[in-house]
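Here's the structure we're looking at; comments come further down.
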Amino acid sequence: MKSTLTEVLDAARALPRAERAEIAQELIASLETTNEHDEARYAELKAAVQVGVDQIDRGESIRIPASELQEYLQGLSREATDAVRESRRDVRS
């Protein structure tokens, strides 16, 4: 039997307060956990930020006028999206 969300919530509401609290804690804990993929993405992002910080420290940064910033960031986003798509194609091959 497949339970719907409404059925599950109704069943949970019928439980004693202590059991409802336990269910709530378990659900919240399940949202707080990360999987290996999330951790790997975070590590990659952190490394990329450090590369940028190091470049700024070495004077290798560029200045972008505020009026051009959105266009510049959109271009970077397209490049990153294309790179991810390409890497996924490589993995599938």
Point to revise | Residues that S87 engages under side-chain contact (heavy atoms from CB on, under 4.5 Å), provided they are two or more places apart | key: none

Check your understanding: Does some side-chain heavy atom of L27 sit less than 4.5 Å from a side-chain heavy atom of I23?
Key -> yes

Point to revise | D38 side chain reached by R41 side chain, heavy atoms, under 4.5 Å | key: yes

Check your understanding: Under the side chain to side chain donor-acceptor pair (under 3.5 Å) test, which residues partner E86, sequence neighbours left out?
Key -> R89

Could you go through residues 46-74 and list every donor-acceptor pair under 3.5 Å that involves a side-chain atom there, pairing it with any protein atom two or more places apart or in another chain?
from, atom 1, to, atom 2, distance (Å)
Q50, NE2, D54, OD1, 2.8
R58, NE, E60, OE1, 3.4
R58, NE, E60, OE2, 3.0
R58, NH2, E60, OE1, 3.0

Output side-chain donor-acceptor pairs under 3.5 Å for residues 9-22, partner residues at least two apart or in another chain, one line each.
from, atom 1, to, atom 2, distance (Å)
D10, OD1, R13, NH1, 3.4
R20, NH1, L15, O, 2.8

